[in-house]
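Everything below concerns the one structure shown next.
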Amino acid sequence: MRHPRTTRPTARKAPGGPARVPALTALLALLAGLLTVLGTAGTAHAAPLFKAPFACGQKWTYSHHSAEVRQALDFVRSDGGATAGAPVLASASGTAYRYSQPTGAGNYIVIDHGGGWKTYYFHLNAYSVAHGAAVSQGQQIGTTGSTGNSSGAHIHYEQLYNGVGQTIVINGVSLAPYPGSYGSKHLTSDNGCSGGGGGKYWVDTFANATGYAAANTNDPQGVLNAGTNYVYCKVWGQEIRDASGNYNHWWLRTDLDTVYAGKNGYGAYVSAYYLSRWGNDEARDNNGTVIPNC
């Protein structure tokens, strides 16, 4: 149904001048648009909850050198495992893009996390995802290498906001002040611990077991209580043997029940000797499934 047309009164003009009402309306619209633009420009997007760029339970040391202009950190493994070939994981979900710069960054990946946030991963030995692939936090995107301008295998890692390098923050905690050399500061990863890098395997242990930073008895971290516990994977390491001749070289990565002061109970290693089932140099869960290698 058509509504009857209503004739609106015409704004009166001052002698020799334009209508004042349209001019005022245009000015108010211009001011509103300007305020919207300024408000949008000043809005900062919160950073994702970034995690370490390497696998759950692994401990890496890191350093920064003066030539790095974007607040980058270089990571090398410090838990006895090999740096070269180690999986490189996405710090947060996003879209991954592959690049190569033979004289500089080598093979590298940039992950766009949205909101102006990106992470960079340099010197990869190989890529593990396609260009433009959607990746989740904890997903493997490549392997650690020494391609490009590099003197040894390491992960060169950056966090950028709107193209500007930021101080590296992992799990909401800044890693600054940066050390100038390896060995003085270490970071143990919890990236992929609850998925992404593998599931949980349930096992029974017959006694309280000390957990260590690596697959040996050099650096105790805490205690895994006897009973039913979950583990993530296994690694071959120092032999544990008792007086009756029972032994095991496998170590199980898990999260400890009690953590010693100043230590990290996530992703610690407990000897498979403490499994209630199976035999020497076996590492299976309660269903008989062989626990996968880390």
Do [X] and [Y] have side-chain atoms, one donor and one acceptor, less than 3.5 Å apart?
X	Y	result
Gln159	Thr119	no
Glu282	Asn280	no
Ser78	His186	yes
Asn171	Asp190	yes
Arg277	Asn286	yes
Asp204	Thr228	yes
Tyr232	Asp255	yes

Closest heavy-atom contact between [X] and [Y]?
X	Y	value
Ser63	Gly180	CB-C, 4.1 Å
Ala283	Ala272	CB-CB, 4.3 Å
Gly115	Tyr161	O-CE1, 3.2 Å
Ala55	Ser189	O-CB, 3.2 Å

Examine distances only and state if a side-chain atom of [X] and a backbone atom of [Y] form a donor-acceptor pair shorter than 3.5 Å.
X	Y	answer
His64	Gln71	no
Asp79	Lys59	yes
Trp250	Lys234	no
Ser146	Gly152	yes
Asn191	Gly138	yes
Ser244	Asn246	no
Thr144	Ala86	yes
Gln221	Asn264	yes

Using a 4.5 Å cut-off on heavy atoms from C-beta on, say whether the side chain of [Y] contacts that of [X].
X	Y	answer
Leu73	Trp60	no
Val169	Leu175	no
Thr61	Val76	yes
Ser100	Tyr127	yes
Leu160	Tyr120	yes
Lys185	Pro177	yes

Go through it in stages, so that I can follow the logic: the residues are Tyr178 and Ile168, the test is side-chain contact (heavy atoms from CB on, under 4.5 Å), and I'd like the CA-CA distance, side-chain angles, deciding distance and then a yes or no.
CA-CA 9 Å; Tyr178 292 167; Ile168 303 300; 3.2 Å; yes
Nearest-0.5 Å distance that lies between atom [atom1] in [X] and atom [atom2] in [Y]:
X	Y	atom1	atom2	value
Asn225	Asn208	CG	CG	5.0 Å
Ser181	Asp74	OG	CG	12.0 Å
Arg98	Ile141	CZ	CD1	11.5 Å
Asn229	Leu275	CG	CG	10.0 Å
Thr83	Phe54	OG1	CZ	10.0 Å
Asp219	Thr210	CG	OG1	12.0 Å

What verdict does the side chain to side chain donor-acceptor pair (under 3.5 Å) test give for Gln58 and Thr188, after you've listed the backbone C-alpha separation in whole Å, the side-chain angles of each residue and the deciding distance to 0.1 Å?
CA-CA 6 Å; Gln58 292 181 358; Thr188 299; over 6 Å; no
Centroid-centroid distance, Phe50 to His113, less than 6.0 Å
yes
Before we go on, tell me: are the rings of Phe75 and Tyr62 under 6.0 Å apart, centre to centre?
yes
Please assess Leu124 against Ile109 for the test side-chain contact (heavy atoms from CB on, under 4.5 Å), listing each intermediate value before the final yes or no.
CA-CA 8 Å; Leu124 302 177; Ile109 280 181; 3.9 Å; yes
Quick one: do [X] and [Y] end up in the same hydrophobic cluster if we chain Ile, Leu, Val, Met, Phe, Trp and Tyr together by side-chain heavy atoms under 4.5 Å apart?
X	Y	result
Tyr108	Val88	no
Ile111	Val129	yes
Ile155	Val110	no
Leu89	Leu187	no

Checking side-chain contact (heavy atoms from CB on, under 4.5 Å) for the pair Tyr201/Val231: CA distance, chi angles, key distance, verdict?
CA-CA 5 Å; Tyr201 297 83; Val231 299; 4.0 Å; yes
I would like to know whether Gln140 and Ser128 meet side chain to side chain donor-acceptor pair (under 3.5 Å); could you show each step before the answer?
CA-CA 6 Å; Gln140 181 172 331; Ser128 300; 3.2 Å; yes
Measure the acute angle between the ring planes of Tyr99 and Tyr97, then classify it against the limits of 30° and 60° as parallel, tilted or perpendicular.
tilted
Taking the hydrophobic residues Ile, Leu, Val, Met, Phe, Trp and Tyr, and joining any pair whose side-chain heavy atoms are under 4.5 Å apart, which ones share a cluster with Leu256?
Phe206, Tyr212, Leu224, Val235, Ile240, Trp251, Tyr269, Val270, Tyr273, Tyr274
Under the criterion side-chain contact (heavy atoms from CB on, under 4.5 Å), I'd like the reasoning laid out for Arg253 against Cys233: C-alpha separation, chi angles, the key distance, then a yes or no.
CA-CA 6 Å; Arg253 191 166 70 195; Cys233 55; 3.3 Å; yes
Going through the checks in order, is the side chain to side chain donor-acceptor pair (under 3.5 Å) test met by Tyr157 and Ser91?
CA-CA 10 Å; Tyr157 175 72; Ser91 280; 2.7 Å; yes
Using side chain to side chain donor-acceptor pair (under 3.5 Å) as the criterion, list what pairs up with Glu158, not counting sequence neighbours.
Arg70, His156
